Structure formats: C-alpha cells, structure tokens
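Below: one structure, written as structure tokens.
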There are 2 protein chains.
Amino acid sequence: MDPGERTPSVTIRDVARAAQVSPATVSRVMNRRSTVDVELARRVQQAAASLGYHPSAVAQGLARGRTELVSILVPDLGNPMFQSVLRGISRAAGVEGYRVLVTDSHEMPLEEPFLAQETRLRTDGLVLCSPRSHDQELLELAGKLEPFVLVNRHVEGLLAPMVAVDYAAGIRALVAHLAGLGHRHVAYLSGPMASVSNQERLDTLHASAEGRFELTVLECGSMHEDGYEAADRALGTGATAIIGYNDLVALGALGKFHAIGVSVPDEVSVVGFDDIAFARYASPMLTTVAVPQEALGEEAWQRLSAVLRGEEPPADVCFTPRLEVRQSTARVSR
Amino acid sequence: MDPGERTPSVTIRDVARAAQVSPATVSRVMNRRSTVDVELARRVQQAAASLGYHPSAVAQGLARGRTELVSILVPDLGNPMFQSVLRGISRAAGVEGYRVLVTDSHEMPLEEPFLAQETRLRTDGLVLCSPRSHDQELLELAGKLEPFVLVNRHVEGLLAPMVAVDYAAGIRALVAHLAGLGHRHVAYLSGPMASVSNQERLDTLHASAEGRFELTVLECGSMHEDGYEAADRALGTGATAIIGYNDLVALGALGKFHAIGVSVPDEVSVVGFDDIAFARYASPMLTTVAVPQEALGEEAWQRLSAVLRGEEPPADVCFTPRLEVRQSTARVSR
DNA sequence: TTGTATGCGTTATCAC
DNA sequence: GTGATAACGCATACAA
C-alpha cells in the first residue's frame, strides 16, 4: 500500500460513467430528486454501491451554499454545565442532519472574538454559550457572526435570538431559603470576573441580602479546585452558609470540608448553582438551583435552525430556574 | 432588512477588483505565498480589510483537498472521561489550526458504524473513542474510515494507530489493594455489555481474584444512576468491597450509601476507574485507577496529525494507569 | 425524464 | 512577480 497516495475518492463522474448516465442524474438519484426512471435509478444505486461512492460533503457544501455544520463556542469544555448544553444542541441538531463543531475558549475572554469568528467561518451558524466578552464587543462582532444565537447571556440591542436563564430569580430563591433557615452571615464564592452571569448573581445577591444577612464576597473561580481552595477562607469569615458561583465550586468546597472534618450541613451550609448531575450524587446531596441545561441547548438549536431555514426564530426565552433543596443546607445551629 | 437575502459574502474576486489585481494575487497575499510586491500586497490587504473579506473555508477545503477539520466519535458525551479525551484532542488540534467535530453515539453500538462514516465524510480524519462495535465490524469499516486512530481499544489486525490503556494492569492493582486490605468478597458493578473495556476488566478481575476473594458480578451500566441503583444490590451480596465499572458508577454508589446511611469505607469499601475530576472531590475521596485522559486525546491527535501530514505516525502507545488510593477504601472490619 | 453547461470560491499550474 | 485558466466535486438552471 502506497503511503503517499491521496484519497483516490470516487466522484460523481465515476458513478455516472459506470451507470452510463450523466452526472446530473446521479446527483438526482443521490438526492432523491424529482422523478428519475426507476431503471436508471437502480443502475445508479448499484454503481454507487459497488464503487463505494459517497458524495463529498465539501463539494456539496460549496454547491449548496451550506455545510449542515454549526459551531458552538464555550468558555470551558470541562464544565458539566456547558457539556450539557452541548449535548442538547448536538442531539437536537443531529436529528436534522446537522453536526456540531465545538470550540473551547478556555476561559480566555480575549481570545473569544477571534475564536468565534474563526469557527463561525467554517459552518453555517454559531451558538455562543456564556460569552465572556463585553456587550460592546459582541455588538460590534454581531455582523460577522450571523447567524448566531446567544445562550446564557442577554445583550441589549442585539437582534440575535437569545436563550437565557433568570439567574436573579434563582439567587433570590437561594437567599430566601438560607434566610429562612436562620442564616445571618453568608459568604459568596465568586466566579470569573469576566462572567456576566457571575456579575448578575453578585448584584442580585447584594440587593436581596440587604436586611436579611451579612454578605461576604470572596474571589474564587469556576472550577473544583477554586472551591476547594476557597472553602476554609469562607469559613474563616464567620459565615454559616456558603454560596458557590456554580456547582463545581460548591462541590469543591464540600470536598474540602470533608477533608478537614467540617460537617455539612451541621456546621456550615453549602449551596451551588446549575444542578449538574454530580450535585445529586454528592455527599451530602447538594442543595442548588436547577438550570435546565440540555433544554438550553435544544432551545438554542430551535432558534438557529429556524434562522438557517430562513424562518422567523421563536421568541427569546428565559428559563426560571428551580430551587432544589437537598441535604447540604440546614437550619443554623447558633 | 430583507430576511430572505442570502449571505452576500464578499469573494476573492471582489477583493481582486477593488485592489485592481487578479484573484490569484489576492490568494497569494492571503496565504503569504511566494514573493508578492510589497505595494500590491498592501493594496490587497487594505481592500480585503475594508470589504471585510474572509476566505471561504468550504471553497478552500475543496481546492486544497483538506478541511482542517477532524471528527471524534464518543459513546457518551455526558461521561467526564470522554469529555477529557475530547478536550485533549481539541486543544492539541487547535494548536495546529484544526477544529473538532464531535458526535455522540449515545451508547448505541448499532448506530456507531453509520455515525462514524457519516461524520468522517465531513472531515479529514477521525478519532474513534472507545468504539462499542465488534472487532469484525471495525475491520470491515476501516477502509472507509481512514485515516483514523483508535482510542481505548485494541483491534488485532487493524493498521490504524492506537492509543490505549492497560486496563488489566489497573484492575490487578485494584485487586491487590483490596485483597491486601483483607477483603474476601468483592462485587463488580459491570458496565455496558458492548464495552470492550468492561469485558477486559471483567476478565482480568476473574483471573486475578482467583484464590484471593470471592467475586460477584452485577449488571449495572456506565452512569451515575446505574451505580446509585445497583449499590444496595451489591451490598446485599455480602460483599465488603465494591468495584465500579467506572468512577461515575462508583460515585453513584457512594451517593446511595450516603443516602441510606451506610458508612464508606467503614462498612463497605468502594473503588472506581478513570479518576475523573470529581473522584478527588467526592466524600469520601474516591480510591480509583487514574487514567491519563487528556493525554489520551493528545496522543491520539499526534498520530492523526502525522498521518494527515503523510508522515509515519508515532508507535502505538499503551498507558499504564496508576492506582490512586484515597479514602473510600479501608481494611475490612470483620 | 435526461443531459449539457455553468457556477460555487479557492488554489495551483502554467505561461507571460 | 503577475495574470489567465483549469481543476476541486457537486447541484441546478436550462435545453432537449
């Protein structure tokens, strides 16, 4: 076998020749177009099969003007939250024959615009998941990114379809829950500064904590290790309850507390955000705010799909997350 | 804005016209080819910039004969193990300008051949991660899948590069560990029947348990819920230690034990496989076998990349996993 | 119904 | 150095 040989791909012409018809007819047969004579069709089918012919996706893409590929850009492929969104999109898109090209910006906001454009150029559309870029930047970029839909982010003045989550409502539910349990001092393990959802959670936290409990904010991050590292710092503030930026952070804190012998929820309550699959199986089971992750992906696809078909996309949607009370929170003991 | 308007994309001709040069020259400038007159080059650059020109990836793909896209097929995008492999590939490929198209077979072995071919057709190469198909099927398919590399699976007679893990060694380490702790009855929560790695673990388990402890095998699965559901069944067999097919299953079992008040590792030891990030942060921290997940992805890319360049790929590699003793295992108390 | 011819946007092989 | 021009593989008006 010659290692240097290039794909000796069989083309539509080879099939045409073998079936003794024109390339156009082969094309028609392959695309089940119009009425092709049954006899010819069969000849083409056989020729194609025996030659092992498969239309070139690239050539089809060029000729049709669409690749049936869409891109998704996420800040961190390692985060189960984004993985679920990806699954949702991938599954929904797959049903319509579209495949997903995924790009990870590795929580580097500055790279985002470049990556978004780059990946968008290779496909028919783009899903921007929790972009960390500033509103202004997104507004300027919008033209070169279209068609695209925004997940987990609202940008005023942007005409792209959006699929969002009412994080404020989730935070308020969390605050009410903790206050109801008698907590008077709560620590928030803050997420990435570039994260708009972190900002939103922070703002809502400040607003709704007012008059209910003292709030201490600690810079943390978005990953396991960040929560693990910040857990005892949080405890050191005298807080009786800790709110993680997301479940990963909360789970990291849970791990640390177990490691240093601090009992949850007896000595300290811990809550997260997102309700990733692991939250339910943690010990203790994590109280958190459930975000419909796969649904976010599906809804995003519905909108992108509509735009790709030239139709009007469904109206923007904003999911209201649901408080999921489990075992990591309890009435304060002091 | 006319909703029906198609991408009014600016082409290489538009730039050529604006810069008063031939399309060929524009192409040369865009690709930093040969020596183009500095003055002309600048004119082209300006024209391209002011027109917002970007080469069509599809057209380039057709003309160059490569898309700079590779596919990866995984059995379950929801599994952190595969996510890590994906990350590894995505990151390594990204450095060389390649993007990754991901397809999830949703643990449906019968769909795999079709999906593999389908996704392969859209890119320059394929990474088959833990394929569930039979050896025979893979051998027959190989021709239509090339170039591709195999991760987490060895198939005799297949000339595709492979990146594997010595699961048997991992299992033996696990067995030695548990036996050393005095366990005389161990239960194995078996993974998907179609999983070759499950079969390998099972075989090695049977072989190395011989004379050390009694082994009970329970059908389970590959996900959290499966482990959660099977945990008490496993305990009911009288086993003092439980080996999960993977970390997900083990973590699920851990969750169940916590829920029903069974203390780990005092009443029962639990071990997993893979060492996903959550294993370290579980309570108790999960003893498991560490598989270098991202490295698997990176190595896979190195091989695929070499083949794409027409070079000889590095030799097949087989990682030896490392036993990670943590807190979910202890000396048997009876 | 079927074939012919042209276009899709680039790259690359030639002459100039 | 630079510019025509022919692929690349397929889809699709249009003609027959």
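Please read these numbers as outputs of a predicted model, since none were measured by experiment. Numbered from 1 within each chain, the chains take letters A, B, ... in sequence-line order.
- To the nearest angstrom, C1' of D:dG1 lies 17 Å from CZ of B:Arg42.
- Checking side-chain atoms of A:Asp124 against main-chain N and O of A:Thr67 turns up a donor-acceptor pair under 3.5 Å.
- Each of B:Leu101, B:Leu128, B:Leu86, B:Thr119 was evaluated against B:Ile72; a single residue qualifies, B:Leu86, per the side-chain contact (heavy atoms from CB on, under 4.5 Å) test.
- The only member of B:Leu158, B:Leu138, B:Val70, B:Leu73 that meets side-chain contact (heavy atoms from CB on, under 4.5 Å) when paired with B:Phe148 is B:Leu158.
- As judged by a 4.0 angstrom heavy-atom cut-off over every strand, A:Val21 is placed among residues touching the sugar-phosphate backbone only.
- Counting only Watson-Crick or G-U wobble pairs whose defining distances are both under 3.5 Å, the stems of 3 or more consecutive pairs in DNA chain C are C:3-16 with D:1-14.
- For the pair A:Leu62 CG and D:dT12 P, the interatomic distance rounds to 12 Å; values are reported in whole Å.
- Judged purely by atom type and a 3.5 angstrom limit, B:Asn31 has no side-chain atom pairing as donor or acceptor with the backbone of B:Arg33.
- When all heavy atoms are compared, the tightest approach of B:Pro313 to B:Ala306 is CA-CB, 3.7 Å.
- Side-chain N/O atoms of B:Ser22 include none lying less than 4.0 angstrom from OP1 or OP2 on D:dA4.
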Protein proximity profile, nucleotides 10-16 of chain C - base contact B, sugar-phosphate-only contact S, no contact -, cut-off 4.0 Å on heavy atoms: BSB----

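- Nearest heavy-atom pair across B:Pro109 and B:Ser133 is O-OG, 3.9 Å.
- Residue pairs meeting the salt bridge (Lys or Arg N to Asp or Glu O under 4.0 Å) criterion with at least one partner in residues 152-164 of chain A, sequence neighbours excluded, are A:Asp135-A:Arg153.
- No side-chain heavy atom of A:Leu304 sits under 4.5 Å from any side-chain heavy atom of A:Tyr98.
- Salt bridge present: B:Arg87 and A:Asp76 bring a charged side-chain N and a carboxylate O closer than 4.0 Å.
- The distance between atom CG of A:Asp14 and atom C1' of D:dC10, rounded to the nearest whole Å, is 13 Å.
- Distance CZ (A:Arg17) to P (C:dT2): 20 Å, rounded to an integer number of Å.
- With rounding to whole Å, B:Arg122 atom CZ is found 16 Å from D:dG9 atom C1'.
- Atom CG of A:Leu40 and atom P of C:dT2 are 4 Å apart (whole Å).
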